[in-house]
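Before any comments, here is the structure.
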Number of protein chains: 2
Amino acid sequence: MSLNTALISVDVVAFRLLKDKLHVLAQKIQAGKNDPQWMLPAGKIDPVKDQSIDDTAYRQIERLTSKKPGYMEQVVTLGDNRRDSRGWSMTVVYCALIDNNDCEQLAPGAEWLTTEAKTLNEQLAYDHSRLVQQALDRLKSKIQYSSLPVYLLPDAFTLSEIHGVFSAVLDKAPPMRSIRNRFLQGDLLIDTGKLRRGSNRPAALYKVNHHSETWLFDRLYSSTR
Amino acid sequence: MSLNTALISVDVVAFRLLKDKLHVLAQKIQAGKNDPQWMLPAGKIDPVKDQSIDDTAYRQIERLTSKKPGYMEQVVTLGDNRRDSRGWSMTVVYCALIDNNDCEQLAPGAEWLTTEAKTLNEQLAYDHSRLVQQALDRLKSKIQYSSLPVYLLPDAFTLSEIHGVFSAVLDKAPPMRSIRNRFLQGDLLIDTGKLRRGSNRPAALYKVNHHSETWLFDRLYSSTR
DNA sequence: GGAATAGTGTCTTTCAGACATTATTTC
DNA sequence: GAAATAATGTCTGAAAGACACTATTCC
């Protein structure tokens with residue numbers, strides 16, 4: 001068997017917050033069974049449509065949702081002769097973050113699965129729960145020294161919502177004092193001047209300064225380890 | 001054209017220190033020309049020999065040198081329809097670090113090229129100088145918050161030699177005080193009790209505590225940015 | 001006023017960095 | 001003793017974290 005017959009796919013782990021919980025985009029696999037099985041958005045490179053592997057990844061997301069990821073990065077490329085019974089196979093795994101505005105159109109069969117359910121393992125086919133784990137590990141790590149949290153929030157958000165992202169992803173969060181100091185430094189955020197009102201003191205609404213790219217800080221939070 | 005005809009290779013950027021300068025492992029391309037051309041250790045996955053892509057990468061290094069990398073990680077997977085005139089092609093790029101003990105047997109045609117030469121661009125064929133740049137970017141970044149420097153040193157080394165690794169890789173280095181404090185904390189290093197002598201006060205020789213895995217610190221050096 | 005959440009003040013801790021000082025070797 | 005490099009002492013600064021305190025809204 002030569003390498004050219006290898007099966008190469010691009011698999012995307014797209015994260016989104018729904019009801020303060022982290023979810024993953026998945027697609028129902030048609031089957032006659034009762035328990036539905038799910039798979040990540042995945043597919044092959046289309047040499048005609050895709051100029052690069054990133055294009056392939058974007059295309060997989062587009063197939064399932066009208067939303068575009070505000071952030072996407074390659075996590076790893078896996079390849080071995082065990083993942084697929086037909087022989088050697090390869091997967092380029094991406095991690096994508098999708099903002100939390102409303103206005104989403106899901107394709108038929110597409111759904112956001114909560115990452116919290118212990119059943120996620122059984123819900124996902126192939127080795128896809130392992131891919132989710134790897135993307136999640138990356139997210140958990142990178143969230144601690146970058147501006148990634150903002151990509152999971154709506155266009156305008158409060159500092160408390162950043163705190164909420166940490167809670168959803170890590171199950172714990174740094175103190176608000178530290179989040180404030182970090183995210184209000186530099187040109188990272190812009191104060192919209194608007195307020196979010198509730199039955200309490202209103203919170204300032206910020207938006208991302210798209211002038212400045214994904215921000216990398218030079219320290220980790222240590223309270224979240 | 002279908003994806004199965006894509007050309008997939010595994011390319012390794014292996015770094016090593018020689019005479020206090022950073023070098024990259026390369027292989028001479030046979031050609032009738034005068035100026036020799038070089039390429040990175042690269043090759044295709046062998047479905048029989050390789051259980052995983054990592055195996056393929058290790059095999060490329062073994063072809064050129066008797067030394068095994070003390071550290072290796074995937075950098076990125078590149079794929080597009082521009083790199084190779086024959087159409088879509090894909091490369092999984094690895095970064096490897098090789099210790100600085102002596103005892104090396106190089107295969108015929110293999111050589112360590114200095115990364116400092118401005119001619120490296122012209123010496124390397126295909127898009128390999130771009131791959132070196134990406135691996136080097138990763139190394140420059142990760143060196144600042146991890147124990148990676150020790151993988152470029154011999155089995156026993158002094159703290160000054162760690163300083164030297166920073167100079168070789170970044171062209172600048174954090175103060176010795178900071179290096180000492182960082183690398184002598186925890187179980188990272190073991191004092192061998194031996195000394196390196198010169199025409200001055202001898203320096204303590206340390207070795208890596210292989211009990212502890214690659215160490216990740218929670219701060220960057222900022223003097224080196 | 002009370003409940004609730006937003007936001008500030010300030011002190012402590014940790015670690016990088018600056019820089020002076022001391023230590024140990026060879027010559 | 002001089003030169004050279006190794007190692008320590010100690011102070012400063014930046015940012016995280018703890019925690020008390022104040023602010024602003026709705027009811």
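Everything quoted here is computed from the prediction, not taken from an experiment. Each chain gets a letter, A, B and so on, in the order the sequences are listed, and its residues count up from 1.
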For DNA chain C, what residues of residues 185-193 of chain A have any heavy atom nearer than 4.0 Å? none
Give a yes or no on whether a salt bridge exists between B:Lys67 and B:Glu104, defined as a side-chain N under 4.0 angstrom from a carboxylate O. no
Is there a donor-acceptor contact under 3.5 Å from the side chain of B:Asp50 to the main chain of B:Ser52? no
Base, sugar-phosphate alone, or nothing: which one does B:Arg180 contact when heavy atoms must sit under 4.0 Å apart? base
When we call it a touch if two heavy atoms are under 4.0 Å apart, what does B:Ser160 touch: a base, just sugar-phosphate, or nothing? sugar-phosphate
Classify the ring geometry between B:Tyr71 and B:Tyr151 as parallel (under 30°), tilted (30 to 60°) or perpendicular (over 60°). tilted
Integer-rounded Å distance: D:dA6 P and B:Phe157 CZ: 14 Å
Starting from C1' on D:dA14, measure out to CZ on B:Arg219 and report it in whole angstrom. 8 Å
Atom-pair distance (CZ on A:Arg197; P on C:dA6), nearest Å: 13 Å
Map B:Ser222 and B:Ser199 onto DNA chain C by nearest heavy atom, then report which one ends up closer to the 5' terminus. B:Ser222
Here's a test of your reading of the structure: between B:Leu220 and A:Leu184, which maps to the more 5' nucleotide of DNA chain C? A:Leu184
Taking the inter-plane angle between the rings of B:Phe217 and B:Phe183 on a 0 to 90° scale, is it parallel (under 30°), tilted (30 to 60°) or perpendicular (over 60°)? perpendicular
If we count only N and O atoms by modelled type, under 3.5 Å, do the side chains of B:Gln133 and B:Asp137 hold a donor and an acceptor together? yes
For A:Phe183 and D:dA15, what is the distance between atoms CZ and C1' respectively, to the nearest whole Å? 14 Å
Between D:dA4 atom C1' and B:Arg201 atom CZ, what is the distance in whole Å? 12 Å
With a non-hydrogen cut-off below 4.0 angstrom, is A:Tyr221 in contact with a base, only sugar-phosphate, or nothing? sugar-phosphate
Under 4.0 Å between any heavy atoms, over every strand shown, what does B:Ser223 touch: base, sugar-phosphate, or nothing? Just pick one. sugar-phosphate
So, B:Thr119 side chain and B:Glu122 main chain: donor-acceptor pair closer than 3.5 Å or not? no
Between the main-chain N or O of B:Gln74 and the side-chain N or O of B:Arg138, is there a donor-acceptor pair closer than 3.5 Å? yes
Output the rounded distance in Å from CD1 (B:Ile179) to P (C:dG17). 9 Å
Between P on D:dT8 and CZ on B:Arg177, what's the gap in Å once rounded to a whole number? 7 Å
Whole-Å gap separating P (D:dA6) and NE2 (B:His163): 10 Å
